[in-house]
Amino acid sequence: MIVNFWLGNDVGVHMEDATPRASPVSGDRHHGAMANPNLTTGSIWRLHHGDQEIARLTVTGADMPWIHAEVETLPGFEEFRSAFAEQERAIDEEDWERADACYPQIRSALTLTFPDGSLVAEFMLHIHDDGTAGWRWHDEPFDVVGQ
């Protein structure tokens, strides 16, 4: 499976574009990181399984289009830890087919909300075993090829 999505600049992105590590916040023309309150250091995005909040992602920086955060796991997160660990191993091993296979498992079970509580329409999230996360999002659902 290949996951394709667009970030406003007519560039397709695939899972093999692995999450870079955190760097200072910088702006871009799509999300305007410097002006976007969702990207302010300390902003808290929330990960949910159904109605249960299972993690808080506190923004530490951005390297657009990736957002970076420290992760506070909450009850309910353990059920998904192995899926994120498998995704990270696949990316580290540059096994893009295996990394792509992790995406629907994570995305079909979890939702993400902006700091204001509104639902993120679509996202690609990597939670690392060091307690950090990187993700990108879009205002509309991604096109998923091969489902």
Side-chain angles (χ1 to χ4, degrees), residues 1-33 36 38-39 41 43-115 118-147:
M1 169 186 292
I2 297 174
V3 178
N4 291 314
F5 59 99
W6 306 97
L7 291 171
N9 58 2
D10 296 328
V11 176
V13 179
H14 301 279
M15 281 295 292
E16 58 263 18
D17 295 327
T19 308
R21 297 296 177 173
S23 67
V25 173
S26 62
D28 87 334
R29 71 182 186 91
H30 179 67
H31 289 294
N36 189 327
N38 295 316
L39 305 180
T41 299
S43 295
I44 299 174
W45 296 53
R46 299 172 193 284
L47 187 64
H48 300 267
H49 178 235
D51 292 335
Q52 182 180 13
E53 181 181 353
I54 64 168
R56 293 184 186 127
L57 311 174
T58 303
V59 173
T60 57
D63 184 11
M64 294 309 290
W66 291 98
I67 316 308
H68 306 283
E70 294 292 327
V71 178
E72 175 189 358
T73 60
L74 302 169
F77 180 79
E78 286 304 315
E79 179 181 344
F80 301 98
R81 187 179 299 276
S82 63
F84 286 109
E86 175 63 18
Q87 179 188 53
E88 185 168 23
R89 277 191 302 277
I91 290 169
D92 288 347
E93 295 169 8
E94 298 184 5
D95 184 342
W96 309 124
E97 189 172 310
R98 198 168 94 221
D100 286 346
C102 294
Y103 171 77
Q105 179 184 0
I106 293 167
R107 187 59 189 94
S108 67
L110 303 176
T111 57
L112 187 65
T113 58
F114 290 104
S118 60
L119 189 63
V120 175
E122 195 61 81
F123 62 92
M124 182 180 294
L125 172 66
H126 302 272
I127 295 182
H128 308 291
D129 63 2
D130 66 358
T132 64
W135 72 95
R136 52 197 331 165
W137 88 94
H138 198 272
D139 297 331
E140 297 178 18
F142 300 152
D143 293 327
V144 178
V145 178
Q147 276 192 345

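Taking the side chain as every heavy atom from C-beta outward, Arg107 and Glu122 approach each other to under 4.5 Å. Under the 4.5 Å side-chain criterion, counting only non-hydrogen atoms from C-beta, Leu47 is in contact with Ile127. In this structure, the side chains of Pro65 and His138 stay at 4.5 Å or more apart for every pair of heavy atoms. Between Phe84 and Leu110, the closest side-chain pair of non-hydrogen atoms falls below 4.5 Å. In this structure, the side chains of Glu79 and Ile54 stay at 4.5 Å or more apart for every pair of heavy atoms. Considering only heavy atoms from C-beta on, Trp96 comes within 4.5 Å of Glu94 through its side chain. Side-chain contact between Gln105 and Glu86: absent, with no pair of heavy atoms (C-beta onward) separated by less than 4.5 Å. Side-chain atoms of Thr73 and Arg81, non-hydrogen and from C-beta on, do get closer than 4.5 Å to each other.
In this structure, the separation between CD on Glu70 and CD1 on Ile44 is 12.0 Å, given to the nearest 0.5 Å. Atom CD of Gln87 is separated from atom CG of Asp95 by 12.0 Å, given to the nearest 0.5 angstrom. Note that CG of Leu112 and CH2 of Trp135 are 7.0 Å apart. Values are rounded to the nearest 0.5 Å. With rounding to the nearest 0.5 Å, the separation of OG1 in Thr113 from NE2 in His48 is 3.5 Å. Distance CH2/Trp45 to OG1/Thr58: 12.5 Å, rounded to 0.5 Å.
The two residues Leu74 and Ala55 have their closest heavy-atom pair at CD1-N, 4.0 Å. Of all heavy-atom pairs spanning Ile67 and Leu39, the tightest one is CD1-CD2, 3.2 Å. When all heavy atoms are compared, the tightest approach of His49 to Phe80 is CD2-CZ, 3.4 Å. The two residues Cys102 and Ala83 have their closest heavy-atom pair at SG-O, 4.3 Å. For the residue pair Met124 and Trp66, the shortest heavy atom distance occurs at O-CZ3, 4.0 Å.
Checked by atom type and distance alone, the side chain of Glu88 pairs as donor or acceptor with a backbone atom of Asp129 at under 3.5 Å. For the pair Ser108 (side chain) and Pro104 (backbone), a donor-acceptor distance under 3.5 Å is present. Within the 3.5 Å criterion, the main-chain N or O of Pro75 finds a donor-acceptor partner in the side chain of Gln52.
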